[in-house]
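Chain letters run A, B, ... following the sequence lines, proteins first, then strands; residues in each count from 1. Remember, predicted model here, so these are calculated numbers, not experimental data.
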There are 2 protein chains.
Amino acid sequence: MTITKPSLRRKELVSVAARLFKENSFDRTTVRLLASATGLKSGSLFHHFKDKEEILFAVIEDGLQRSLETIQQELKNNTGIEERLFAIIYGHLRTLHGQEKNAHTVSITEWKSLSEESKKKLIKIRDDYEAYWQQVIDEAVDAGILKGNPQLLRLFILGSLNWTVQWFQAEKKLSIKQLADESYLSFTHQAVPAK
Amino acid sequence: MTITKPSLRRKELVSVAARLFKENSFDRTTVRLLASATGLKSGSLFHHFKDKEEILFAVIEDGLQRSLETIQQELKNNTGIEERLFAIIYGHLRTLHGQEKNAHTVSITEWKSLSEESKKKLIKIRDDYEAYWQQVIDEAVDAGILKGNPQLLRLFILGSLNWTVQWFQAEKKLSIKQLADESYLSFTHQAVPAK
DNA sequence: TAATATACCTAGCGCTTGCTTGGTTTCAGA
DNA sequence: TCTGAAACCAAGCAAGCGCTAGGTATATTA
């Protein structure tokens, strides 16, 4: 076994880094800032990570993994196509705006800051995630709930949801649930099915 | 008159900067890189701009102005609500992906890199732009072409269109016109009206 | 043709960045 | 209680950053 289980401190660093990367961007978050936010000196970070990019990698991996698990769970618990479509939208928005939201946000906004090598390692999780989405959208188009090209629909819907990180603030005017309701309505032209 | 008309060189710098800011981001575009891409030495940039942020300001101002003029023109040439909705979508996508696309893209992706002071100066153009959008969407909802809360619809539609900068490459698989068609279909559930 | 402003270059300053090195503390297991 | 590894710190290096100062070309106008 070469994989060492992440230490408590490492987990803390990933969590704090996620917050800072979201607030200031990866480039403008210095190792000194991250260190002082954790009560460490800057040099000590490199006992836990070999370089700054490895921190970003850990954050994004965490964000992708979490969001994947969330929608897998959502889809397991819902069978009807209307329920499934709403569930995947809601799941996506929950990991973007709920608790521990920062990592998923960073995995979207800072993907471009990863090295090509890192992208290669993480693309599998992303592809998995998108495959789940594509499946649901294909079904929804077949059922006549959505209209248009399924692949483009996936990009349009995910795009509009991802873009919410630019403007949505949970519980300010709208709850995450309400946001999901409205998104569902905009794309399907019908209200969310009552449970 | 305190406003001096921009020199040829300045225009060239803004255009090249737009390209580089889009390709590498503002933070990772050094003044040395921009200078050498224009055949200048790094110090000479500061004869045209007082600092690096002023370059970003000029790029974003250009991008906002251009896109505003485009949709104003589009709306002037179209009267029916279906045509107007399609026209504003198409106009937005054209400034994002057509010729001179870089500035509009940067005005979206690098807005957060502006100082608060700069944002204040430019927010007026952005507000104008969004007001045109809101107007069209309000009309479309009234006419029953779109379903849902008009304000949120604006955010969802613009979000999905803005997100295309992450994945769309003009003329590779789809033309900009086709992309606009598909977007219109996804949100309205009906095909674009024939001219 | 001389005067003047504009455009550019050379050289480098001062600062911040990610990261390293070498030594010290902390703490779990024998 | 001793020992070794893991976790941390103090100090600072090398490189890159935005930007400046002072001088030189180039072009315009009188």
To the nearest Å, give me how far apart [atom1] ([X]) and [atom2] ([N]) are.
| X | N | atom1 | atom2 | result |
| --- | --- | --- | --- | --- |
| L45(A) | dC19(C) | CG | C1' | 10 Å |
| D51(A) | dA14(D) | CG | P | 20 Å |
| R28(B) | dT16(C) | CZ | P | 21 Å |
| K11(A) | dA7(D) | NZ | P | 14 Å |
| R10(A) | dA6(D) | CZ | P | 15 Å |
| L8(B) | dT6(C) | CG | P | 16 Å |
| F46(B) | dT6(C) | CZ | C1' | 18 Å |

Could you tell me whether [X] contacts a base, only the sugar-phosphate backbone, or nothing, with contacts defined as non-hydrogen atoms closer than 4.0 Å?
| X | value |
| --- | --- |
| K41(A) | sugar-phosphate |
| T38(A) | nothing |
| S44(B) | base |

### Which residue lies more 5' along DNA chain C, comparing R9(B) with K52(A) via nearest heavy atoms
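Between the two, 5'-proximity favours R9(B).
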
### Message
Quick check on DNA chain D: between S42(A) and H48(A), whose nearest nucleotide comes earlier from the 5' end?
### Response
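Per heavy-atom nearest nucleotide, the more 5' residue is H48(A).
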
### Query
Where the side chain of H47(B) is concerned, which of dC9(D), dC8(C), dT10(C) is the nearest nucleotide?
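From the listed options, dC8(C) comes nearest.
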
### Query
With respect to the side chain of L40(B), which nucleotide from dG18(C), dC8(C), dC8(D) is positioned closest?
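Side chain of L40(B) sits closest to dC8(C).
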
### Query
Out of F21(A), F57(A), W111(A), which one pairs with F26(A) under the ring pair (Phe, Tyr, Trp, His ring centres under 6.0 Å) rule?
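Testing F26(A) for a ring pair (Phe, Tyr, Trp, His ring centres under 6.0 Å) against F21(A), F57(A), W111(A) leaves exactly one candidate, F21(A).
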
### Task
Report yes or no: do L64(B) and W133(B) belong to one cluster of Ile/Leu/Val/Met/Phe/Trp/Tyr joined by side chain heavy-atom distances under 4.5 Å?
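As far as the 4.5 Å side-chain criterion goes, W133(B) and L64(B) are connected within one cluster.
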
### Message
Do R94(B) and Y90(B) form a cation-pi contact, if we require the NZ or CZ to be under 6.0 Å from the six-membered ring centre and within 45 degrees of the ring's axis?
### Response
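Here R94(B) passes the 6.0 Å and 45° test against Y90(B).
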
### Message
Students often mix this up, so state it plainly: with edges at 30° and 60°, are the rings of F187(B) and F187(A) parallel, tilted or perpendicular?
### Response
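Tilted, since the angle between the ring planes falls between 30° and 60°.
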
### Query
Where does the angle between the aromatic ring planes of Y129(A) and H92(A) fall among parallel (under 30°), tilted (30 to 60°) and perpendicular (over 60°)?
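Answer is tilted, since the angle falls between 30° and 60°.
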
### Query
Considering only heavy atoms and no angle criterion, is a donor-acceptor pair shorter than 3.5 Å present between the side chain of R32(B) and the base of dG18(D)?
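Yes.
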
